Novice: 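Once you've had a glance at the structure underneath, I'll fire off some questions.
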Amino acid sequence: MSIDSETMIDWFDRTHRDLPWRRPACTGWGVLVSEIMLQQTPVARVQPIWEEWLERWPVPSALAAASQGEVLRAWGKLGYPRRALRLHAAAAAIAEQHGDVVPSNVDTLLALPGIGAYTARAVAAFAYGKRAPVVDTNVRRVVARAVHGAGDAGPASNTRDMADVEALLPVDEARAARFSAALMELGALVCTARSPRCADCPIYDTCAWQRAGRPAYDGPAKPTQKFAGTDRQIRGKLLDVLRDTPEPVWKASLDVVWPQDAGRRDRCLASLLTDGLVEQIADGRFALPGEH
DNA sequence: TATACGTGGAT
DNA sequence: TATCCAAGTAT
């Protein structure tokens with residue numbers, strides 16, 4: 001079973017959300033910032049931060065001129081703050097090597113920090129109307145169901161997943177980009193992971209999963225990601241202290257966030273230093289990088 | 001290919 | 001309350 005692109009595009013044109021990074025006036029930079037922020041982070045949390053960023057840093061060189069600490073503060077609690085550092089580095093590269101204009105070529109985009117297979121193609125497609133297979137978690141789920149008749153996508157396989165989507169893509173560039181947006185929108189709003197709204201689905205009639213009687217997912221179990229008590233949680237707490245204070249802090253102020261296990265806490269702090277998310281200044285205090 | 005990497009809302 | 005899950009990337 002396939003997916004009819006015209007049906008999808010018609011549905012998208014009728015029902016899509018009016019997100020700011022989808023407006024015609026939005027620049028490639030606006031699209032890139034949105035794509036990085038949206039990695040593993042819901043639209044509702046991204047939108048207000050995206051607005052602030054585009055207002056404050058309307059072009060890559062503007063972001064590049066800010067310090068890493070400023071950028072991390074502005075990132076707030078979006079999560080995975082290494083994304084903010086990579087976007088900052090990408091902005092510097094774009095400013096210096098690409099005339100302050102986000103590249104439209106997939107391979108050029110892939111060479112930038114924080115931009116992988118998904119983001120490079122999303123920017124090429126959504127900012128520049130290029131024809132490229134844009135494969136995110138939504139698209140993988142929609143294809144798994146509508147095309148393969150499975151309850152959900154199995155483990156990601158970049159080559160296979162992109163080939164799957166490539167086979168569905170309209171030949172026309174602009175329509176291919178629109179179709180990709182439609183596929184993602186369907187996965188985000190209708191063909192959702194938990195309770196799919198099949199009654200509202202534009203491709204209900206041709207969906208292989210429907211025809212097969214909506215079998216449950218039978219692939220390998222997905223690793224459940226824990227958070228409470230992990231290094232990720234401890235790192236988050238440490239960083240939260242530094243985001244909240246304009247001045248550098250002594251180690252004692254960091255120690256209080258995880259008194260249970262000093263060894264592990266110190267290793268987390270060390271890993272933050274290694275990642276460049278935290279800096280130790282000359283007098284021994286700790287701070288966000290680049291501000292002191 | 002498997003794993004680490006933040007955060008918070010929904011169920 | 002516990003678990004799931006959200007437009008992934010780097011290693």
Side-chain angles (χ1 to χ4, degrees), chain A residues 12 16-17 19-22 30-50 72 75-87 89-90 109-127 132-142 152-162 165 177 180-189 191-196 217 219-243 257 264 267-268 271-272 274-278:
Chain A
F12 182 75
H16 73 82
R17 293 167 291 178
L19 300 171
W21 44 85
R22 283 178 174 166
V31 172
L32 174 58
V33 172
S34 79
E35 292 300 343
I36 300 291
M37 288 183 172
L38 287 163
Q39 291 168 2
Q40 302 285 281
T41 307
V43 167
R45 287 174 51 206
V46 164
Q47 190 161 342
I49 307 290
W50 182 91
L72 287 169
W75 190 258
K77 306 198 79 170
L78 278 184
Y80 292 144
R82 293 187 297 185
R83 290 183 292 168
L85 252 28
R86 291 180 183 137
L87 181 53
L109 286 160
L110 282 171
L112 296 169
I115 299 188
Y118 162 77
T119 303
R121 290 170 181 79
V123 169
F126 303 145
V134 180
V135 182
D136 74 335
T137 187
N138 290 307
V139 171
R140 286 179 6 84
R141 184 172 56 250
V142 170
D152 200 351
S157 161
N158 215 293
T159 311
R160 179 171 48 72
D161 296 340
M162 290 210 298
V165 173
S180 291
L183 234 34
M184 290 177 60
E185 190 80 340
L186 189 72
L189 298 183
C191 195
T192 53
R194 203 129 12 150
S195 308
Y217 172 69
K222 307 179 177 198
T224 61
Q225 60 164 355
K226 299 187 186 313
F227 180 63
T230 62
D231 284 3
R232 228 155 65 254
Q233 183 187 27
I234 299 171
R235 286 165 53 106
K237 284 176 178 290
L238 292 169
L239 222 40
D240 205 31
V241 171
L242 297 174
R243 269 195 304 259
V257 305
R264 201 144 76 85
R267 283 194 296 280
C268 285
S271 74
L272 287 170
T274 299
D275 290 349
L277 287 163
V278 175

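All of these numbers come straight from a predicted model, not from anything done at the bench. Letters A, B, ... are given to chains in the order of the sequence lines, protein chains preceding strands, and every chain is numbered from 1.
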Novice: How close or far is atom C1' of B:dT1 from atom CG of A:N158, stated in whole angstroms?
Specialist: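 Whole-Å distance recorded here is 12 Å.
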Novice: Take atom CZ of A:R83 and atom P of B:dA4, then tell me their distance rounded to the nearest Å.
Specialist: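 So the CZ-P distance, A:R83 to B:dA4, works out to 18 Å.
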Novice: If you measure from the P atom in B:dC5 to the same atom in C:dA2, how many Å do you get, rounded?
Specialist: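 Pairwise P distance, B:dC5 against C:dA2, rounds to 22 Å.
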Novice: Is the phosphate of C:dA6 approached by A:R141 (side-chain N or O, under 4.0 Å from OP1 or OP2)?
Specialist: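 Yes.
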Novice: For A:R232 and C:dT9, what is the distance between atoms CZ and P respectively, to the nearest whole Å?
Specialist: 17 Å
Novice: Could you check whether A:A117 gets within reach of a base, just the sugar-phosphate, or nothing at all, counting any heavy atom under 4.0 Å?
Specialist: sugar-phosphate
Novice: Please state whether the phosphate of C:dA6, meaning OP1 or OP2, lies under 4.0 angstrom from any side-chain nitrogen or oxygen of A:Q40.
Specialist: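 No, outside the criterion.
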Novice: Between B:dT11 and C:dA7, how far apart are the P atoms? Round to whole Å, please.
Specialist: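 Those two atoms are separated by 15 Å.
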Novice: Just N and O in the side chain of A:R235: are any of them under 4.0 Å from OP1 or OP2 of B:dG6?
Specialist: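 Answer is yes, contact under 4.0 Å.
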Novice: For A:D152 and C:dC4, give me the distance from atom CG to atom C1', rounded to whole Å.
Specialist: 12 Å
Novice: Please report the distance separating the P of C:dC4 from the corresponding atom of B:dT3, rounded so that it comes out in whole Å.
Specialist: 16 Å
Novice: Say you pick atom P in C:dT9 and the same atom in B:dG8; how far apart are they, in whole Å?
Specialist: 23 Å
Novice: At their closest point, which heavy atom of A:R141 faces which heavy atom of A:A188, and how far apart are they?
Specialist: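 That would be NH2-N, 4.5 Å.
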Novice: Heavy atoms under 4.0 Å, any strand shown: does A:A44 hit a base, just sugar-phosphate, or nothing?
Specialist: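 Result for A:A44 = nothing.
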Novice: On a heavy-atom basis, which atom in A:A177 and which in A:F126 lie closest, and how many Å separate them?
Specialist: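 Heavy-atom minimum between the residues: O-CE2, 3.6 Å.
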Novice: From CG of A:D161 over to C1' of C:dG8, roughly how many Å is that when rounded to an integer?
Specialist: 13 Å
Novice: Have a look at A:L19 and say if it touches a base, only the backbone sugar-phosphate, or nothing, with a 4.0 Å heavy-atom cut-off.
Specialist: base
Novice: How would you label the contact of A:G79 with the nucleic acid (heavy atoms, under 4.0 Å): base, sugar-phosphate, or nothing?
Specialist: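 Counting heavy atoms under 4.0 Å across all strands, the contact made by A:G79 includes a base.
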Novice: Looking at every strand, decide which applies to A:T119 at a 4.0 Å heavy-atom threshold: base, sugar-phosphate, or nothing.
Specialist: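 Result for A:T119 = sugar-phosphate.
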Novice: Which part of the nucleic acid, if any, lies within contact of A:P81, taking any heavy atom under 4.0 Å across all strands shown: a base, the sugar-phosphate backbone alone, or nothing?
Specialist: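 The residue A:P81 makes sugar-phosphate contact but no base contact.
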Novice: Are any side-chain N or O atoms of A:W21 and backbone N or O atoms of A:A127, one a donor and one an acceptor, separated by less than 3.5 Å?
Specialist: no
Novice: Quick one: A:I36 CD1 to C:dG8 C1', roughly how many Å, whole number?
Specialist: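 For the pair A:I36 CD1 and C:dG8 C1', the rounded distance is 9 Å.
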Novice: Compare the minimum distances between each of C:dA10, B:dG6, C:dA7 and the side chain of A:T137, then state the nucleotide with the smallest one.
Specialist: C:dA7
Novice: Quick one: CE on A:M37 to CZ on A:R83, what's the gap to the nearest 0.5 Å?
Specialist: 8.5 Å
Novice: B:dT1 and C:dA6: how far apart are their C1' atoms, nearest whole angstrom?
Specialist: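 After rounding to an integer number of Å, I get 23 Å for this pair.
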Novice: Do A:I36 and A:T119 come close enough that some side-chain heavy atom pair is under 4.5 Å?
Specialist: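 Result yes, sub-4.5 Å side-chain heavy-atom pair found.
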Novice: Indicate whether OP1 or OP2 belonging to B:dT7 is found under 4.0 Å from a side-chain N or O atom of A:R243.
Specialist: yes
Novice: Answer whether the closest heavy-atom distance between the side chains of A:V33 and A:W50 falls below 4.5 Å.
Specialist: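 In short, these two side chains touch, coming nearer than 4.5 Å.
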Novice: In the structure I gave you, are the side-chain heavy atoms of A:L183 and A:N138 within less than 4.5 Å of one another anywhere?
Specialist: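 They are not in side-chain contact.
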Novice: Can you find a side chain N or O atom of A:T41 that sits less than 4.0 Å from OP1 or OP2 on B:dG6?
Specialist: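 No, because none of the side-chain N or O atoms of A:T41 sits under 4.0 Å from OP1 or OP2 of B:dG6.
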Novice: Starting from the 5' end of DNA chain C, give me the residue, A:G114 or A:W21, whose nearest nucleotide shows up first.
Specialist: A:W21
Novice: I want to confirm an ordering. Mapping A:A156 and A:D240 to their closest nucleotides on DNA chain B, which one lands closer to the 5' end?
Specialist: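 With A:A156 and A:D240 compared, the 5'-side residue is A:A156.
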Novice: Between A:K237 and A:P223, name the one whose nearest nucleotide on DNA chain B is closer to the 5' end.
Specialist: A:P223
Novice: Any side-chain heavy atom of A:R232 sitting closer than 4.5 Å to one from A:Y80?
Specialist: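 Counting from C-beta outward, A:R232 and A:Y80 do come under 4.5 Å.
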Novice: Would you indicate what A:S34 reaches in the nucleic acid, counting non-hydrogen atoms under 4.0 angstrom: base, sugar-phosphate, or nothing?
Specialist: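 No contact.
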Novice: What's the CZ-C1' distance between A:R82 and B:dA4, to the nearest Å?
Specialist: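 So the two atoms are 7 Å apart, to the nearest Å.
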Novice: Answer yes when A:D240 and A:R243 have at least one side-chain N-carboxylate O distance shorter than 4.0 Å, and no when they do not.
Specialist: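 Here A:D240 pairs with A:R243 in a salt bridge, since their nearest N and O are under 4.0 Å apart.
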Novice: Under 3.5 Å, which N/O atoms of the protein pair with N/O atoms of nucleotides 8-11 of chain B?
Specialist:
{"residue": "B:dT11", "atom": "O4'", "partner": "A:R194", "partner atom": "NH1", "Å": "3.4"}

Novice: In whole angstrom, what separates A:L87's CG from B:dC5's P?
Specialist: 21 Å
Novice: Determine the contact category for A:D275: base if any of its heavy atoms lies under 4.0 Å from a base atom, sugar-phosphate if only primed atoms, P, OP1 or OP2 are that close, otherwise nothing.
Specialist: nothing
Novice: Quick check against the 3.5 Å criterion: does A:T41 have a side-chain atom that pairs as donor or acceptor with the backbone of A:Q39?
Specialist: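 Looks like yes, one N/O pair under 3.5 Å.
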Novice: With a non-hydrogen cut-off below 4.0 angstrom, is A:P155 in contact with a base, only sugar-phosphate, or nothing?
Specialist: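 A:P155: no heavy atom of the nucleic acid under 4.0 Å.
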Novice: Within the 4.0 Å heavy-atom criterion, would you say A:R17 contacts the bases, only the backbone, or no part of the nucleic acid?
Specialist: base
Novice: Assign A:A193 to base, sugar-phosphate, or nothing according to its heavy-atom contacts below 4.0 angstrom with the strands shown.
Specialist: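 It contacts sugar-phosphate atoms only.
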